[in-house]
Amino acid sequence: MDDRHPSPMAPMADDAELVIAGAGLAGLLLGVACAGAGLQVAVVDPQDPAAMAGEGFDGRTSAIAYGSRLVLGGIGLWPRIAGEAEPIREIRVADDESPLFLHYDSADLAGATPLGYIVENRVLRRALLERAGELPTLRLMAPRRILGVDAGEGGAVARLDGAERLRARLVAAADGGRSPLRRAAGIGALEWRYRQTGIVTTVAHARPHAGIAIEHFLPAGPFAILPMTGNRSSIVWTEDANLAPALLALPEAAFAAELGVRFGGFLGPIEPIGPRWSYPLALLQAERYWARRLALIGEAAHVIHPIAGQGLNLGIRDVALLAELIIDQRRRGLDIGDGALLEEYQRRRRPDALLLAAVTDGLNRLFSNTIPPLRLARDLGLAAVHRLPPLKRLLMRHAMGTIGDRPRLARGEPL
Ligand SMILES: Cc1cc2nc3c(=O)[nH]c(=O)nc-3n(C[C@H](O)[C@H](O)[C@H](O)COP(=O)(O)OP(=O)(O)OC[C@H]3O[C@@H](n4cnc5c(N)ncnc54)[C@H](O)[C@@H]3O)c2cc1C
């Protein structure tokens with residue numbers, strides 16, 4: 001970010017009202033939400049959209065909290081996703097070989113509302129790209145890269161490769177954990193890498209999963225079994241980063257055997273059916289969520305451990321609030337790049353992200369070890385939560401994203 005030019009190209013008309021750096025899930029969601037409400041939006045990404053929509057791009061599934069499903073509904077995306085989303089009916093959390101476990105059941109909630117949904121990231125991406133292509137006020141510029149942003153009183157100018165410039169009121173950095181725009185704006189971040197790798201794959205099993213998600217805490221980290229459509233489950237296997245490469249390189253039968261030991265036999269024989277993916281795990285919290293005419297969203301603002309399946313849900317809540325603030329400001333005829341708006345965005349979003357960073361980091365530290373006093377403490381903790389229905393319901397509602405500061409989209413209302 002360069003503040004030396006107080007009013008870059010002030011007399012000229014804007015190319016877009018909002019420029020978004022990054023067509024990942026967070027960036028596309030913000031683009032679709034805002035363009036769906038009539039805003040002129042340009043979304044820029046260095047990756048080819050055809051590759052991003054392909055099978056080989058992202059093997060992850062996302063646990064979409066119930067509150068995030070409401071946001072997707074408010075944006076009009078849910079009907080495109082619903083047929084390929086598996087409702088989560090129960091969550092069972094178990095500690096290694098201990099019989100104590102925490103059990104969340106949607107039957108405990110009024111109306112037996114699902115706790116959330118498991119959706120393949122490629123399904124989300126495909127729905128977003130399709131919708132982006134239909135919106136007349138959304139311009140997807142890819143593969144193109146934003147090289148920098150010059151911001152001043154009069155507006156922001158995004159500099160793209162190929163010497164093109166885009167004038168706008170506001171730039172949203174949805175450019176991922178390494179966020180070149182966050183760094184260029186001089187915004188620092190608290191960050192560290194976990195000595196863990198997330199191994200992701202899909203398995204088919206003989207018996208139906210009945211919508212039950214399982215988080216099994218093993219010494220190297222959590223092993224999650226997430227129900228997908230059909231007799232399939234997505235595995236998020238957190239492993240010691242030094243051991244992961246050897247596991248990922250195992251021949252098919254040996255890899256299946258390693259999986260089987262951790263999976264257990266409760267769904268009958270299992271068979272790995274997809275490629276193996278791996279993701280380095282990290283924590284990151286940006287010191288600020290905004291600079292002049294720049295807002296950080298999604299992993300550009302915060303990266304958390306996937307132990308609770310909440311990273312994208314945080315990004316979806318960023319989008320719900322920022323889109324509401326932008327659209328309301330525009331309806332009032334005011335500047336959507338205004339500092340007071342961006343300050344409000346930060347004030348209302350940062351506590352949620354900080355809380356989840358602390359909780360996920362603490363859980364990972366508490367559970368990814370075999371030290372006996374810690375094992376006892378966590379087992380007693382799990383059992384205590386299990387026996388206190390009001391506390392359990394509160395934790396359940398928090399994980400579902402249905403309490404706290406909820407902008408219109410997070411209540412399932414349109415913008
Ligand atoms: C193993 C694992 C499991 C997970 N499971 C869950 C889960 O169950 N539930 C959940 O809620 N979350 C989950 N997450 C988190 C979730 O996947 C991420 O939070 C989410 O995908 C991040 O999306 P994003 O759009 O913020 O960033 P990204 O997907 O990183 O997108 C950033 C985009 O910016 C683009 N870009 C980079 N530089 C530039 C530039 N200069 N100009 C323009 N564009 C640029 C990149 O090409 C990229 O497309 C999981 C994460 C991991 C690792």
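In listed order, ligands and their atoms are each counted from 1. For this chain, numbers begin at 1 and follow the sequence in order. Here the structure is a predicted model, which is why all the values come from computation and not from measurement.
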Peer 1: Flag yes if more than 12 heavy atoms outside Arg193 fall under 6.0 Å of its CZ atom; otherwise flag no.
Peer 2: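 Incorrect, the count does not exceed 12.
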Peer 1: For atom 8 (O) of ligand 1, what is the nearest protein heavy atom, given as residue, atom name and distance?
Peer 2: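 Atom 8 (O) of ligand 1 sits closest to the protein heavy atom Ala63 N, 2.8 Å.
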Peer 1: Do me a favour and list the nearest non-hydrogen protein atom to atom 27 (O) of ligand 1 with residue, atom name and distance?
Peer 2: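 Scanning the protein heavy atoms, the shortest distance from atom 27 (O) of ligand 1 goes to Gly176 CA, 3.9 Å.
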Peer 1: I need the nearest protein heavy-atom contact for atom 48 (C) of ligand 1: residue, atom name and distance, please.
Peer 2: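 Answer for atom 48 (C) of ligand 1: Asp45 OD2, 3.4 Å.
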Peer 1: If you count the atoms of ligand 1 from 1 in the order shown, which ones are under 4.0 Å from a heavy atom of Gln47?
Peer 2: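 In order of number, 46 (C), 47 (O), 48 (C), 49 (O).
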Peer 1: Which of the listed options, Arg60, Gln196, His302, Met141, holds the heavy atom that is closest to atom 51 (C) of ligand 1?
Peer 2: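 Considering heavy atoms of Arg60, Gln196, His302, Met141, the nearest to atom 51 (C) of ligand 1 sits in Arg60.
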Peer 1: Please report which non-hydrogen protein atom sits nearest to atom 9 (N) of ligand 1, along with the residue it belongs to and the distance in Å to one decimal place.
Peer 2: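 For this ligand atom, the closest protein heavy atom is Gly309 O, 3.0 Å.
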Peer 1: Closest by any non-hydrogen atom to atom 43 (C) of ligand 1: pick that one out of Val44, Thr197, Ile235.
Peer 2: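 Nearest option to atom 43 (C) of ligand 1, by heavy atoms: Val44.
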Peer 1: Could you tell me the residue and atom name of the protein heavy atom closest to atom 45 (C) of ligand 1, and the distance to it rounded to 0.1 Å?
Peer 2: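 Protein heavy atom at minimum distance: Pro46 CD, 3.4 Å.
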Peer 1: List the closest protein heavy-atom neighbour of atom 3 (C) of ligand 1: residue, atom name, distance to the nearest 0.1 Å.
Peer 2: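 Looking at atom 3 (C) of ligand 1, the protein heavy atom closest to it is Pro306 CB, 3.7 Å.
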Peer 1: To the nearest 0.1 Å, how far is atom 12 (N) of ligand 1 from its closest protein heavy atom, and which atom is that?
Peer 2: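 Checking every protein heavy atom, the shortest distance to atom 12 (N) of ligand 1 gives Leu312 N, 2.9 Å.
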Peer 1: Do Arg349 and Tyr289 form a cation-pi contact, if we require the NZ or CZ to be under 6.0 Å from the six-membered ring centre and within 45 degrees of the ring's axis?
Peer 2: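 Relative to the ring axis of Tyr289, which defines the angle, Arg349 lies outside at least one limit.
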Peer 1: With a 4.0 Å cut-off, would you call Arg276 and Glu252 a salt bridge?
Peer 2: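 A salt bridge links Arg276 with Glu252.
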Peer 1: Under 6.0 Å from the six-membered ring centre of Phe57 and within 45° of its axis: does the NZ or CZ of Arg125 meet both?
Peer 2: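 The answer is no, since Arg125 fails at least one limit relative to Phe57.
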